[in-house]
Amino acid sequence: MLRDSNRVSSVSQLLCPVRDCHLPLARRERTLACERGHSFDIARSGYVNLLQPQDRRSANPGDTETAIAARRRLHDRGVTRPLAEGIAAMLHLQPDDEVLDAGCGDGFYLDHMVREAECSGRGVDISVASIDAAARRYPECEWIVANADRFVPYADASFSVVLSITARHNAPEFHRVLTRDGRLLVALPSPDDLAELRGPGRDRVQRTIEAFSKDFALTNQERVSASADFGVDEVRDVLHSIYRPLRSKPVEATRLTFSLDLLLFRPVTS
Ligand SMILES: [Zn+2]
């Protein structure tokens, strides 16, 4: 939380993203700065952009404005709410939990989790547009633009829970920022997810468990799904949200299934 509230104190958990620096960042008026003088402006909406030049895979990395707006309309219609409720039910967050959402997008899921549990939440995403949208809508959380594939800009053992919801995985960094008794929740699109639009998908569960096995052990596994009837405009929003706006067939009203495989892990120490 970067505004004037009780949670400002925890800003010190943030680390300088400059390669080979990684010193704590402290707030100085409208910037965050490390002792070596690397400084980062706090945006008007409250987020901080810690992206480094080498992090920018393209001039405008991350989500497009069109996809963000489409996804937001879907959230506002409630179609993704059962998925958020499924994740929350698996985690049973408590008020003293410290939650990081790595690859948080527009912040919908993180906000749902922390509002219900009244705990603190921090979201990191590589998309400036997504983080700006998150900061405007959910000022109670801390929002950071950074490339978590390279470096999660927080001190060791900063979090009791790390979320990775249909995002990219960085097992060593997730392990580093979690407490020893922390929990990692990974949500993957299940084979049923939007199968009406894109056909049956791959089952990613086993491959993901293996990819995390050096740092994490699986403790629980569930699938959460929701189906609803969608009009033409809504189907178009879904297609935009998954970057498939162009199709040979005209868009038609249809019933769609959203489905996530949820994997809960605990860190293992070698
Ligand atoms: Zn620095």
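Classification of the His169-Phe212 ring pair by plane angle, with boundaries at 30° and 60°, yields tilted.
Rounding to the nearest 0.5 angstrom, the gap separating the CG atom in Asp125 from the OG atom in Ser130 is 5.0 Å. Atoms CD1 and CG, from Ile144 and Asn49 in turn, are 9.0 Å apart once rounded to the nearest 0.5 Å.
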Task: Candidate pair Glu173 and Arg150, rule salt bridge (charged side-chain N to carboxylate O under 4.0 Å, His left out), full reasoning - done: CA-CA 8 Å; Glu173 280 292 274; Arg150 289 177 183 272; over 6 Å; no
TODO: Just do the side chain to side chain contact (heavy atoms under 4.5 Å, CB included) check on Leu15 and Leu25 with the steps written out, would you?
DONE: CA-CA 5 Å; Leu15 300 183; Leu25 290 174; 5.8 Å; no
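More than 12 heavy atoms of other shown residues, nucleotides or ligands fall within 6.0 angstrom of atom CD in Gln52.
Judged as a side-chain hydrogen bond (donor to acceptor under 3.5 Å, both in side chains), and not counting sequence neighbours, the contacts of Arg255 are Asp229. In terms of the side chain to side chain contact (heavy atoms under 4.5 Å, CB included) criterion, residue partners of Asp41 (sequence neighbours excluded) are, by chain and number, Thr31. A search for salt bridge (charged side-chain N to carboxylate O under 4.0 Å, His left out) contacts involving Asp237 returns Arg73, Arg77, not counting sequence neighbours. For Asp215, the salt bridge (charged side-chain N to carboxylate O under 4.0 Å, His left out) test picks out no residue, with sequence neighbours left out. Qualifying salt bridge (charged side-chain N to carboxylate O under 4.0 Å, His left out) partners for Glu35, counting only residues two or more places apart in sequence or in other chains: none. Checked against side chain to side chain contact (heavy atoms under 4.5 Å, CB included), Gln206 has the following partners two or more places apart in sequence or in another chain: Ile209, Glu210. His112 pairs by the ring-ring contact (aromatic ring centres under 6.0 Å, His included) definition with nothing, not counting sequence neighbours. Legend: residues meeting salt bridge (charged side-chain N to carboxylate O under 4.0 Å, His left out) with Arg204, ordered by chain and number and at least two apart, are absent. Listed by chain and number, the residues in a side-chain hydrogen bond (donor to acceptor under 3.5 Å, both in side chains) with Ser39 amount to none (sequence neighbours excluded).
Here Asp106 pairs with Arg72 in a salt bridge; the nearest charged N to carboxylate O distance falls below 4.0 Å. Salt bridge Asp76/Arg137: present, at least one basic N to carboxylate O contact under 4.0 Å.
Listed by first then second residue, pairs satisfying ring-ring contact (aromatic ring centres under 6.0 Å, His included) with a partner in residues 22-42 read His22-Phe151, not counting sequence neighbours. Sorted by first and then second residue, the ring-ring contact (aromatic ring centres under 6.0 Å, His included) pairs involving residues 81-108 (not counting sequence neighbours) are His75-Phe108.
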I'd like a table of donor-acceptor pairs (distance under 3.5 Å, sequence neighbours excluded) in which one partner is a side-chain atom from residues 216-228, with atom names and distances.
unit_1 : atom_1 : unit_2 : atom_2 : d
Thr219 : OG1    : Leu264 : O      : 3.0
Arg223 : NE     : Asp261 : OD1    : 2.7
Arg223 : NH2    : Asp261 : OD1    : 3.3
Arg223 : NH2    : Asp261 : OD2    : 3.2
Ser225 : OG     : Ser259 : OG     : 2.8
Ser227 : OG     : Thr257 : OG1    : 3.0

